[in-house]
Amino acid sequence: EVQLVESGGGLVQPGGSLRLSCAASGFTFRNYWMSWVRQAPGKGLEWVANIKQDGSEIYYVDSVKGRFTISRDNTKNSLYLQMKNLRAEDTALYYCVRDWGSGTPFDYWGQGTLVTVSS
Amino acid sequence: QSVLTQPPSASGTPGQRVTISCSGSSSNIGVNYVYWCRQLPGTAPKLLIYANNQRPSGVPDRFSGSKSGTSASLAISGLLSEDEADYYCVVWDDRLTAWVFGGGTKLTVL
């Protein structure tokens, strides 16, 4: 069974940093692109970033470029999102999502980890 | 404002057929596959349609997708009360080099 389990969310002050993690199991992690998608309270879905199987290609939504860094460790079947200089508008539930690899991106989602940026 | 335009709401009665549109441009829907996700209240989204019109295993054939030019549609036939959810289209945008989601459509079953 495919499982994606996010962790690392919490309350952080504006300008602060946070590192999200996603533990993947039930599939061959190194064969898939992976994404982070977020959802602000009461709002729609927003894709944040993705990373190729070997980490050689990375893309970000414009609003997080220069502040967020996506990375992965295929030896640990883990995906990460380092977030710096956090703003109130980054407050959201952050989902770890399986991306390209089998022709069906977005086929598996974690339950999300909540990031709240507030003073 | 989203790169992909969806109606904010849609509604229908049980048994009816409803469609949800998703309008994009030549850099996204015009050249790439469209995907549809459904999010039931309080839960993580779930993939409903991939590659414009394909259903993942387990998704009933009441759900169908189509694409024409720079627009796409999701159709739900035989509407059930449990279809009440938010529906999102998503496409890779070649100009932005990013996945873009539609703003979402809240479906109400009357």
Side-chain angles (χ1 to χ4, degrees), chain A residues 1-7 9 22 24 27 32-52 56-66 68 70 81 89 92-114, chain B residues 1-10 20 22 24 27-28 32-59 63 65 72 74 85-107:
Chain A
E1 178 194 7
V2 172
Q3 283 197 319
L4 298 169
V5 180
E6 304 93 337
S7 61
C22 170
F27 67 102
Y32 289 83
W33 285 72
M34 295 295 295
S35 270
W36 288 98
V37 174
R38 66 184 179 183
Q39 186 170 34
K43 301 297 184 182
L45 300 172
E46 180 184 40
W47 173 82
V48 174
N50 67 354
I51 183 169
K52 194 176 179 179
S56 61
E57 284 186 53
I58 288 174
Y59 300 97
Y60 298 98
V61 68
D62 282 349
S63 60
V64 309
K65 285 179 182 175
F68 288 13
I70 188 173
L81 186 67
E89 54 264 36
L93 188 63
Y94 284 74
Y95 292 104
C96 171
V97 187
R98 197 168 81 167
D99 200 321
W100 286 107
S102 62
T104 55
F106 303 107
D107 57 349
Y108 286 97
W109 297 64
Q111 287 305 302
T113 186
L114 182 62
Chain B
Q1 189 159 348
S2 302
V3 171
L4 303 178
T5 301
Q6 295 181 236
S9 63
I20 297 171
C22 176
S27 63
N28 44 65
N32 291 316
Y33 285 134
V34 179
Y35 302 82
W36 291 89
C37 295
R38 176 170 84 167
Q39 186 175 32
L40 298 172
T43 69
K46 172 188 171 182
L47 183 66
L48 208 56
I49 295 289
Y50 69 95
N52 300 334
N53 54 20
Q54 302 300 304
R55 288 184 307 277
S57 60
V59 174
F63 296 90
L74 171 72
D86 294 323
Y87 292 81
Y88 297 90
C89 56
V90 54
V91 188
W92 180 260
D93 190 295
D94 286 353
R95 180 178 63 84
L96 297 174
T97 56
W99 285 109
V100 289
F101 281 89
T105 298
K106 184 175 185 63
L107 176 63

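In what follows, chains carry the letters A, B, and so on, assigned in the order in which the sequence lines appear, proteins first and then strands, with residues in each chain numbered from 1.
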Option that, when pairs with chain A are counted at under 4.5 Å, heavy atom only, ranks first among B/Ala98, B/Cys37, B/Gly104
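Winner by heavy-atom pair count: B/Ala98.
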
So which part of [X] gets closer than 4.5 Å to some heavy atom of chain A, the side chain, the backbone, both or neither?
X       : result
B/Ser2  : neither
B/Pro56 : neither
B/Val90 : side chain
B/Gln39 : side chain
B/Ala51 : neither

May I ask you to check whether A/Phe27 and A/Tyr32 place their ring centres under 6.0 Å from each other?
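Judged by ring-centre distance (under 6.0 Å), A/Tyr32 and A/Phe27 do meet the cut-off.
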
With a 6.0 Å cut-off on the ring centroids, do A/Tyr94 and A/Trp36 count as close?
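Aromatic pair excluded; centres sit 6.0 Å or further apart.
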
Quick check: does any side chain N or O of A/Gln111 sit under 3.5 Å from a backbone N or O of A/Val5, one acting as donor and the other as acceptor?
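No, the answer is negative, given that no donor and acceptor are paired below the 3.5 Å cut-off.
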
Honestly, is A/Arg98 close enough over A/Tyr108, meaning NZ or CZ under 6.0 Å from the six-membered ring centre and within 45° of the axis?
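Judged by the rule (NZ or CZ under 6.0 Å from the ring centre, within 45° of its axis), A/Arg98 is not positioned above A/Tyr108.
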
Taking side chain as everything from C-beta outward and backbone as N, CA, C, O, which of these in A/Val37 sits under 4.5 Å from a heavy atom of chain B? Side chain, backbone, both or neither.
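A/Val37 touches chain B through side-chain heavy atoms alone.
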
Any residue meeting salt bridge (charged side-chain N to carboxylate O under 4.0 Å, His left out) with B/Arg55, in chain and number order, not counting sequence neighbours
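Applying salt bridge (charged side-chain N to carboxylate O under 4.0 Å, His left out) to B/Arg55 gives none.
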
Hey, can you tell me if B/Phe101 and A/Phe106 have their rings parallel, tilted or perpendicular (30° and 60° cut-offs)?
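Because their plane-to-plane angle is over 60°, the rings of B/Phe101 and A/Phe106 count as perpendicular.
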
Choice from A/Pro105, A/Gly110, A/Gly44, A/Gly112 maximising heavy atom contacts with chain B below 4.5 Å:
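Highest number of pairs under 4.5 Å: A/Pro105.
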
